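This is a predicted model, so every value here is computed, not measured.
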Amino acid sequence: QVQLVESGGGPVQAGDSLRLSCAASGRTFSSYAMAWFRQAPGKGRDFVAAISGSGVSTYYIDSVKGRFTISRDNAKNTVYLQMNRLKPEDTAVYFCAARVGGVFVTAPALYDDWGQGTQVTVSS
């Protein structure tokens, strides 16, 4: 089990950038695939991006490709989501999630541990 704490959210204007961070506890961080999900008001939790345990492989939903970048620093037990050219439709609570085994998937039910979330609000 790993404990996750997100930070970096806040209110921004359309076109601005934010970098979310997710700090993980534990000594085997590199053995976890990590992902970011988001949940808009009244909607389900949607996959946004994921990264393998080694950091070599990444995957994004189409709507954030070219704008968002997921990365990780295994020495710091931290995963990041750099979000550029933000749009109002990116407004949501963003959650990071960890999956044992290092191979990422997009289904939230297959992730083992979750952070508490950080709010991102993009105004037009």
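- Using a 4.5 Å cut-off between side-chain heavy atoms of Ile, Leu, Val, Met, Phe, Trp and Tyr, with links allowed through other members, V5 and L81 fall into different hydrophobic clusters.
- Side-chain contact check for V48 versus V64: some heavy-atom pair is nearer than 4.5 Å.
- Here the straight-line distance linking atom SG of C96 with atom CD1 of I70 works out to 9.0 Å at 0.5 Å rounding.
- Considering only residues two or more places apart in sequence or on other chains, K76 meets the salt bridge (charged side-chain N to carboxylate O under 4.0 Å, His left out) condition with none of them.
- At least one side-chain heavy atom of W114 sits under 4.5 Å from a side-chain heavy atom of P108.
- Side-chain N or O atoms of E6 include none that pairs as donor or acceptor with a backbone N or O of C22 at under 3.5 Å.
- Heavy atoms only, all atoms of each residue included: V93 and Q119 are closest at CG2-OE1, 3.2 Å.
- When atom types are taken as modelled, the side chain of T58 and the backbone of A50 share no donor-acceptor pair closer than 3.5 angstrom.
- Between I51 and Y32, every side-chain heavy-atom pair lies at or beyond the 4.5 Å cut-off.
- No side-chain heavy atom of F47 sits less than 4.5 Å from a side-chain heavy atom of V105.
- Because its NZ or CZ atom is both nearer than 6.0 Å to the ring centre of F29 and within 45° of the ring axis, R72 counts as a cation-pi partner of that residue.
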For M83 and L20, run side-chain contact (heavy atoms from CB on, under 4.5 Å): C-alpha distance rounded to whole Å, both residues' side-chain angles, the deciding distance at 0.1 Å, then the answer. CA-CA 8 Å; M83 304 187 295; L20 305 183; 3.7 Å; yes

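- Looking at residues two or more places apart in sequence or on another chain, you find a side-chain contact (heavy atoms from CB on, under 4.5 Å) between S30 and N74.
- A heavy-atom distance below 4.5 Å is not found between the side chains of M34 and R99.
- When the side chains of ILVMFWY residues are joined at heavy-atom separations under 4.5 Å, either directly or via intervening members, V79 and I61 end up in a single hydrophobic cluster.
- Of all heavy-atom pairs spanning A98 and V2, the tightest one is CB-CG1, 3.6 Å.
- Taking the six-membered ring for Trp and the full ring otherwise, the centers of F37 and F95 sit at least 6.0 Å from each other.
- Put simply, L110 and F104 are part of the same group of oily side chains (I, L, V, M, F, W, Y) that touch within less than 4.5 Å, one to the next.
- Partners of Y94 under the ring-ring contact (aromatic ring centres under 6.0 Å, His included) rule, at least two apart in sequence or in another chain, do not exist in this structure.
- Evaluation of the salt bridge (charged side-chain N to carboxylate O under 4.0 Å, His left out) rule for R85 yields no partner, not counting sequence neighbours.
- The salt bridge (charged side-chain N to carboxylate O under 4.0 Å, His left out) check on R38 picks up D90, with sequence neighbours excluded.
- Remark: side-chain polar atoms of D113 are not paired, donor with acceptor, to backbone N or O of Q3 under 3.5 angstrom.
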Name the atoms and distances for all side-chain donor-acceptor pairs under 3.5 Å in residues 8-17, with sequence neighbours left out.
residue : atom : partner : partner atom : Å
Q13     : NE2  : S123    : OG           : 3.3
D16     : OD2  : Q13     : N            : 3.0
S17     : OG   : N84     : OD1          : 2.9

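- Contact check for Y60 versus T69: side-chain heavy atoms found under the 4.5 Å cut-off.
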